[in-house]
Each structure stands twice: as C-alpha cells, then as structure tokens.
Amino acid sequence: PSPTDEGMDKFRQHMRECAEHGIQLVPYISYGGAGVIPWETEKVRRVAELASEPNLLAWYVGDDITMVHLDGIQQTVNTLREETPNIATVADYIASETPEAQTVFTKYIDIRCQYNYPIPNETYEYYMNYFDEQREFVGDPLWTWVQSFMWGSTASKFGLGIQDCPGPIPDPEQVRLMAHAAVNRGVRGLMFFPHHSLQLVPELAGEVA
C-alpha cells in the first residue's frame with residue numbers, strides 16, 4: 001500500500017473486496033534487497049491504520065534482508081508495535097549468521113520466512129538440512145515459500161514472458177515434495193504463490209494448483 005490518501009483508499013477497497021471472499025492479506029510495508037532506506041516513521045504510522053480491517057493477517061516488514069537492513073527493520077517494527085501491538089510482523093531472512101541478525105530475527109520478527117529452492121541445482125536433502133540450520137540459529141522455522149510458479153528467464157526462453165531472472169518451470173510432483181520436505185522439518189505454514197507469467201501456460205497452472 002502507498003501511504004497517500006489515494007493509495008490508502010485504493011488498498012482499503014482492495015482489502016474489503018478480498019474480505020468478501022474470505023481472503024486475508026499480508027501488506028508489504030517492507031524494504032530490502034537493493035533498497036536500504038526504510039520507510040519514514042509517519043508513513044509507517046499511516047499504513048498502520050489498515051489494522052482496522054478485520055482481514056489484515058500480518059505486516060510484511062522485510063524482503064531479502066541482509067545485514068544493511070537490520071537497523072531499518074528495528075525502526076519499522078518499533079513503530080508498528082506502538083500502533084498495532086496485536087498484529088504480527090513477517091520478514092524473510094538471508095542475513096549473515098551474526099549476533100546482530102540473530103537479535104533482530106528473534107526479537108523483532110514474529111513470523112520468519114525461511115526459504116531455499118532446491119530445484120534444479122540442489123537436492124531435497126540440502127533443502128531439509130537448510131531448515132535444521134535455520135532452527136539452530138533463529139529458532140523454529142515458521143513459514144516457508146514453496147516454488148509453485150515459473151520464473152521469468154524460463155518464460156523468456158519459451159517465448160512466454162520478458163523478465164530476466166533465474167529459475168525452472170516446476171513439475172507438480174516437485175512442488176508436492178517441497179511442501180512435504182518443509183513440513184517434515186517443522187515448518188508450521190506454507191505459502192504457495194504464482195508468478196505473473198504462469199497464466200500464460202494454464203495447463204501448468206492447473207497441474208500445480
């Protein structure tokens with residue numbers, strides 16, 4: 001959501017349309033990856049007003065987090081906990097295993113998204129060991145992504161899309177095995193999500209679903 005009058009009205013309407021279908025939302029108020037400047041405090045306070053909507057599930061406060069993002073995560077979460085103390089925070093973790101990262105991801109992140117994609121270069125054993133390593137560092141893995149989509153470079157290769165990023169077209173059985181592997185290692189929630197190129201191959205989308 002954008003913390004402007006227009007952006008807030010638009011996103012609130014979207015939330016209410018989702019609520020009519022029983023869909024809960026996790027709004028991104030995050031930064032990460034190449035972005036190293038966190039949202040200003042007043043912008044975070046403004047977006048926190050969405051907590052009045054009953055289908056707000058959690059706040060997503062960090063995406064592709066590395067060491068340079070840790071201070072910003074703390075700033076954002078401190079503001080959110082002042083405004084919406086009963087709404088959980090979520091971030092995915094790729095920072096180095098340092099005491100600073102351990103503190104941020106155990107004290108400021110309620111739901112840790114820990115993910116690794118074994119397809120096509122690693123084994124399922126590697127995938128399962130990854131969750132064990134994460135548990136040892138920051139506690140039980142809570143949520144994980146499951147790769148139920150087609151990345152853009154594959155789409156480009158087959159003339160189905162224009163994005164340039166890595167990844168395979170998953171086989172439905174691979175998606176199933178990834179889910180079982182994560183559950184076997186104690187993950188409590190799975191998040192399946194589609195890539196926007198997937199609708200260009202509806203037969204694959206149907207198999208994955």
Side-chain angles (χ1 to χ4, degrees), residues 1-66 68-95 104-105 107-115 142-152 155 160-165 188-200 202 205 208-209:
S2 172
T4 63
D5 290 343
E6 181 181 0
M8 290 287 287
D9 290 343
K10 183 177 180 180
F11 196 81
R12 192 181 295 275
Q13 179 61 33
H14 173 64
M15 292 187 72
R16 291 176 179 177
E17 291 173 357
C18 288
E20 292 176 1
H21 299 282
I23 298 172
Q24 293 178 297
L25 274 76
V26 182
Y28 262 51
I29 58 170
S30 64
Y31 78 113
V36 296
I37 301 176
W39 281 30
E40 297 171 2
T41 298
E42 287 310 309
K43 289 184 177 180
V44 176
R45 293 189 195 281
R46 182 71 192 277
V47 173
E49 295 171 11
L50 294 172
S52 61
E53 299 298 322
N55 60 329
L56 191 151
L57 179 62
W59 300 116
Y60 207 101
V61 298
D63 189 21
D64 290 344
I65 295 304
T66 62
V68 298
H69 303 110
L70 297 180
D71 288 344
I73 289 289
Q74 294 181 60
Q75 173 185 312
T76 299
V77 172
N78 281 333
T79 302
L80 287 172
R81 287 180 174 169
E82 290 176 4
E83 301 295 319
T84 61
N86 297 320
I87 304 295
T89 58
V90 185
D92 63 73
Y93 171 74
I94 60 174
V104 169
F105 276 84
K107 183 177 180 181
Y108 293 90
I109 305 302
D110 301 310
I111 301 173
R112 293 176 294 280
C113 295
Q114 300 160 331
Y115 62 92
L142 300 180
W143 281 12
T144 188
W145 310 126
V146 173
Q147 187 178 20
S148 56
F149 57 87
M150 178 178 63
W151 279 111
L160 300 171
I162 59 173
Q163 269 200 318
D164 183 20
C165 51
R188 302 180 196 175
L190 299 174
M191 183 176 291
F192 293 84
F193 63 105
H195 192 271
H196 61 74
S197 297
L198 193 59
Q199 72 269 21
L200 300 176
V208 169

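Here, residue 1 is the first one in the sequence, and each next residue gets the next number. What you see is a predicted model; the values in this text were computed from it and never measured.
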>> Keeping Thr89 on the side-chain end and Trp59 on the backbone end, is there a donor-acceptor pair under 3.5 Å?
In response: no

His69 side chain vs Gly35 backbone, donor-acceptor pair below 3.5 Å | yes

>> For Met15, is there any backbone N or O sitting under 3.5 Å from a side-chain donor or acceptor partner on Asn55?
In response: yes

Q | Heavy-atom check, side chain of Gln13 versus side chain of Glu17, under 4.5 Å | A | yes

Check: Got Asp92 and Trp143 here, is their nearest side-chain heavy-atom distance under 4.5 Å?
Finding: no

Q. So, does Thr76 use its side chain to make a donor-acceptor pair with the main chain of Trp39 at under 3.5 Å?
A. no

**Report entry** Donor-acceptor under 3.5 Å (Arg112 side chain, Phe105 main chain)
**Finding:** yes

Exercise. Can you tell if the side chain of His14 reaches within under 4.5 Å of the side chain of Pro1, non-hydrogen atoms only?
Worked result: no

Inset, instruction - Please indicate whether Glu82 has more than 12 foreign heavy atoms, meaning atoms of other residues, nucleotides or ligands, lying under 6.0 Å from its CD. - result: yes

Heavy-atom side-chain proximity of Ile29 to Leu80 below 4.5 angstrom: yes

**OP:** With the side chain counted from C-beta on, respond yes when Arg81 and Asp110 share a heavy-atom pair under 4.5 Å apart, and no when they do not.
**Re:** yes

Tightest non-hydrogen contact, residues Ile111 and Ala88, listed as CD1-CB, 4.1 Å

Note to self: Is it the case that over 12 heavy atoms from other parts of the model lie below 6.0 angstrom from the CD atom of Glu6?
What the structure shows: no

